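Working notes for the structure below.
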Number of protein chains: 2
Amino acid sequence: MKNTISDIAKIAGVAKSTVSRYLNGGSVSEATRRKIEHVIKETGYIPNSFAQSLKAKKTSMIGAVVPRLDSFASSQTVTGMDEALRESGYQLLIINTSQDLSREIEALYDLARQKISGIVLFATQITTSHLTAIEEIGIPVILLGQQHQDVHSIIYDDFAAGYDIGRYILAKGHRDIAYLGVTEKDVAVGVQRKLGFQQALKEHGGASADFYESGFRMSAAVEAASDILGSRDRQPSAIVCATDNIALGVMKAAHMRGIRIPEDISVTGFGGYDVTEVIHPGLTTIKYGYAAAGRLAARHVIKLVQEEHVDPLTVLSYEFMERESVDNRK
Amino acid sequence: MKNTISDIAKIAGVAKSTVSRYLNGGSVSEATRRKIEHVIKETGYIPNSFAQSLKAKKTSMIGAVVPRLDSFASSQTVTGMDEALRESGYQLLIINTSQDLSREIEALYDLARQKISGIVLFATQITTSHLTAIEEIGIPVILLGQQHQDVHSIIYDDFAAGYDIGRYILAKGHRDIAYLGVTEKDVAVGVQRKLGFQQALKEHGGASADFYESGFRMSAAVEAASDILGSRDRQPSAIVCATDNIALGVMKAAHMRGIRIPEDISVTGFGGYDVTEVIHPGLTTIKYGYAAAGRLAARHVIKLVQEEHVDPLTVLSYEFMERESVDNRK
DNA sequence: TAATCAAACGGAACCGGTTCCAATATGGTG
DNA sequence: CACCATATTGGAACCGGTTCCGTTTGATTA
C-alpha cells in the first residue's frame with residue numbers, strides 16, 4: 001500500500017493533476033469530486049509533505065533554538081510561542097542545545113537545511129560564529145533574551161529590574177548586601193542585572209555590596225550560599241540573587257543552617273517562577289512575562305517571514321513582586 | 001543565489017551525480033573532490049533536506065506528542081528523549097496539544113504527513129480515535145504514562161506507588177485521611193494511584209478516607225484544599241495528594257489558614273518535582289525518573305523503527321522520598 | 001602490445017507532489 | 001444551430017536531490 005497521489009488518481013480514473021486540484025481547492029466537477037473523495041477515504045491517503053515543500057520551496061515551520069527545555073523560563077516561553085504560531089498556521093520545531101554554544105550554531109544550519117521559514121534564538125551569548133551563521137543561512141532570526149545591533153532582538157529590561165531591586169533593598173534599610181550573580185558571559189543575566197543593581201547602590205551611597213558568582217543550577221547556588229552564610233566575618237543582611245533558582249538555593253542553604261528568612265536575612269530573586277509564590281516565605285522577585293515574550297517573538301518572526309517591518313529592538317517590561325522574603329533591617 | 005546541487009555541479013564543471021557522490025562518500029577522484037569542495041565552501045551550499053527525504057522516503061525524526069510543555073514532568077521527559085535521540089542521530093519534533101484530546105489525533109496524522117519515523121505519545125487517555133489513528137498512520141508508536149494492550153507502552157508503577165504511600169501514612173498512625181485526587185479519565189494518575197492507596201487502606205483496616213477531586217493546576221488545588229480544611233466537621237490528620245502540584249496547593253492553602261505542616265496536618269505528593277526538595281518543609285513524595293523514562297521511550301521507539309523487538313509493556317519503578325511533611329499522628 | 005579490470009564520471013530515471021498550458025466539454029446566447 | 005466564454009480535465013515540466021547503469025579512462029597483467 002503506497003498511496004501516492006498517482007495511486008489515488010489511477011484508482012479514481014483521473015489524472016493526478018486533478019487529484020491535486022481537488023486537494024487544493026481547484027476547479028473540479030461535482031462528479032469527480034465525489035469519486036476522488038471516496039477513494040481517498042477508502043485508502044486513507046495522506047499527502048507527503050516533503051514533496052509539497054520541495055515544490056513550494058519553503059515550509060510553514062518556525063524553529064526555536066533553546067539552551068534547555070527543563071527550565072521554567074524556557075518552557076513557558078516555548079509554550080507561548082507555540083500558541084501564537086499555531087494560530088497563524090505555523091508549526092514549531094524546537095531544538096534543544098543543552099547549553100552547548102557550538103550546538104546553537106549547528107542548529108542554525110540544521111534549520112536552514114530543513115528550509116525553516118524563521119528562527120527564534122533563545123540566546124545567552126552572541127559570538128561571531130552566531131553572526132556569520134545567521135548571515136549565511138539567509139533566514140529571518142529573532143534574538144530573545146539578548147540583543148545585538150545586527151539582529152532583531154527582544155529583551156527584558158534587566159538593567160531597570162536590577163535597579164528596582166537595588167532601590168527596594170536599600171529602602172528597606174539594608175546596607176551590607178551580598179549579590180549572588182552568574183557569569184558575565186551572559187550579558188543579560190550576568191551583566192545587566194548587576195549593573196542596574198550597582199547603579200542603585202551608587203546613587204544611594206552609604207551602602208556596600210560584595211559580589212559573588214554561582215552557576216545557574218540550584219545545587220550550585222546552595223554551595224555558593226553556604227560559603228557566604230558560613231564565613232565568620234560580617235554577615236550581609238540581604239542577599240540579592242540573579243535568578244529565582246539561585247534564590248531558592250540560598251533559602252535552602254539558609255534553612256539548613258537554621259537561619260531564618262526574612263528575620264535573620266533577606267533574599268530576593270529574578271524571574272518570577274511559579275514556585276516563588278507558593279513557597280513560604282514567598283520570594284520577593286521580578287516577574288517576567290515569559291509566555292507573552294514567546295508569543296511576541298512568534299509574531300515578530302512571522303512578520304519578518306512575510307517581509308513586514310519589525311522594530312529592531314523590543315524591550316519588555318516586568319512586574320515587581322513584593323512578597324515576604326525581605327524584611328526591614330533592624 | 002539558488003544554490004542547488006545542479007548549480008554546484010555546473011560551476012564545478014561536473015555532473016550533479018558526481019556532486020551527490022562527493023557529498024555521500026561515493027567514489028570521486030582527488031582532483032574533482034577538491035574542485036567541488038571549493039565550490040561548496042565558496043557558495044555556502046546547503047543541501048535541501050526535503051529533496052533528500054523525498055527520495056529516501058523517510059526522515060530521521062521522531063515525534064513527541066505532549067499535552068503540555070510547561071510542566072516539570074513533560075519538560076524533563078522531553079529533555080531525556082532529546083538526549084537519547086540525538087545520540088542515535090535522530091531529531092525530535094515536539095507537538096504540544098495544550099491538553100486538547102482532539103489535537104492529539106490531529107498531531108498523529110500531522111506527523112504521518114511529515115513522514116516521521118516514530119512517535120512517543122505522552123498519554124492521559126486513550127480513546128478509540130487514538131487507536132484508529134495509530135492503526136491508520138502505520139508508524140511505530142510508544143505510549144508513555146498510560147498503557148493499552150494494542151500499543152507498546154511504558155508506564156510508571158502508579159498502583160504500587162499509591163500502595164506505598166498508603167502504607168506509609170497508616171504506619172505513621174493516621175486514621176482520618178483525605179485523598180485529593182484528579183479525574184478518573186486519567187487512568188494512571190486518577191485511578192491507579194487511588195486504587196493502590198485504597199488497597200493499603202483495605203489491608204490495614206480501621207482507617208477511613210474521604211475522597212475529593214481537584215484539577216491538575218495548583219490554583220485548583222488551593223481551592224479544593226480550602227474546602228477540606230475549612231469544613232467544621234472532623235478534620236483529617238493527613239492529606240494524600242495525587243500530584244506534587246496539588247500537594248503544593250494544599251501546603252499553600254494550609255499556610256494561608258495558619259495550619260502548620262506537619263504539626264497540624266501531614267501532606268504527601270506524587271511526582272518528585274525538584275521544588276519538593278527545596279521547600280520547607282520538604283514534601284514527602286514519590287519520585288519518578290522522568291528523564292530516564294524519556295530516554296527509555298526514545299530507545300524503544302528507535303528499536304521499533306528498526307524493527308527490533310520491544311517488550312509491549314515496560315513498568316518503571318520509583319523512589320519513595322521521605323521528607324518532613326508527614327508527622328506521626330499524635 | 002593487447003586484454004582485463006576497477007575507478008571515475010555523466011546521463012537519465014525516479015521520489016510525490018504542484019502548476020502551467022493546451023485540449024475538451026459544457027452551457028448560454030443570438 | 002452556430003459561436004463563444006467558461007468550467008473541467010489530462011499531459012508534461014518542474015522542485016532538488018539520489019541512484020542505477022553504461023561509458024570512458026587509466027593502470028595492471030599476461
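Everything numeric in this text was worked out from a predicted model, so none of it was measured. Chain naming here is simple, since letters A, B, ... match the order of the sequence lines and numbering starts at 1 in each.
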[X] [atom1] to [N] [atom2]: how many Å, rounded?
X        : N      : atom1 : atom2 : answer
A:Lys35  : D:dT9  : NZ    : P     : 8 Å
B:Leu54  : D:dG17 : CG    : C1'   : 8 Å
B:Lys55  : C:dC15 : NZ    : P     : 7 Å
B:Asp7   : D:dG16 : CG    : C1'   : 10 Å
A:Gln114 : D:dG16 : CD    : P     : 17 Å
A:Asn48  : C:dC15 : CG    : C1'   : 8 Å

Determine whether A:Leu93 and A:Ile116 satisfy the following criterion, side-chain contact (heavy atoms from CB on, under 4.5 Å), listing intermediate values before the conclusion.
CA-CA 9 Å; A:Leu93 176 54; A:Ile116 287 275; 3.9 Å; yes
Could you state the interatomic distance from NE2 (B:His152) to CG (B:Asp311), rounded to the nearest 0.5 Å?
8.0 Å
A:Leu23 vs B:Ala51, nearer the 5' end of DNA chain C by closest nucleotide
B:Ala51
Phosphate OP1/OP2 of [N]: any [X] side-chain N/O under 4.0 Å:
X       : N      : value
A:Gln52 : C:dT18 : yes
A:Ser20 : C:dT18 : yes
A:Asn24 : C:dT18 : yes
A:Tyr22 : C:dG17 : no

What does nucleotides 5-12 of chain C look like as a protein-contact string, B for base, S for sugar-phosphate only, - for none, at under 4.0 angstrom between heavy atoms?
---BBBB-
Name of the residue among B:Val78, B:Asp70, B:Leu69 meeting side-chain contact (heavy atoms from CB on, under 4.5 Å) with B:Asn96
B:Leu69
Between D:dC15 and A:Lys57, counting only base atoms on the nucleotide and side-chain atoms on the residue, is there a donor-acceptor pair under 3.5 Å?
no
Relative to each other, are the rings of B:Tyr290 and B:Phe72 parallel, tilted or perpendicular (30° and 60° limits)?
perpendicular
Is the backbone of B:Ala188 close enough, under 3.5 Å, to the side chain of B:Gln146 for a donor and an acceptor to pair up by distance?
yes
Distance-only, no hydrogens or angles: does the A:Asp186 side chain make a donor-acceptor pair with backbone N or O of A:Thr183 under 3.5 Å?
no
How about B:Glu308: does its CD atom have over 12 heavy atoms from other parts shown lying under 6.0 Å from it?
yes
Show the atom names and distances, to 0.1 Å, of all donor-acceptor pairs under 3.5 Å that link a side chain in residues 100-114 of chain A to residues at least two apart or in another chain.
| unit_1 | atom_1 | unit_2 | atom_2 | d |
| --- | --- | --- | --- | --- |
| A:Asp100 | OD1 | A:Ser102 | N | 2.9 |
| A:Asp100 | OD1 | A:Ser102 | OG | 2.8 |
| A:Asp100 | OD1 | A:Arg103 | N | 3.4 |
| A:Arg103 | NH2 | A:Ser98 | OG | 3.1 |
| A:Glu104 | OE1 | A:His130 | NE2 | 2.6 |
| A:Tyr109 | OH | A:Glu136 | OE1 | 3.4 |
| A:Asp110 | OD2 | B:Gln91 | NE2 | 3.0 |

Write out a two-atom table: protein N or O, nucleotide N or O from nucleotides 23-26 of chain C, distance below 3.5 Å.
none

SB check A:Arg33 A:Glu37 (cutoff 4.0 Å)
no
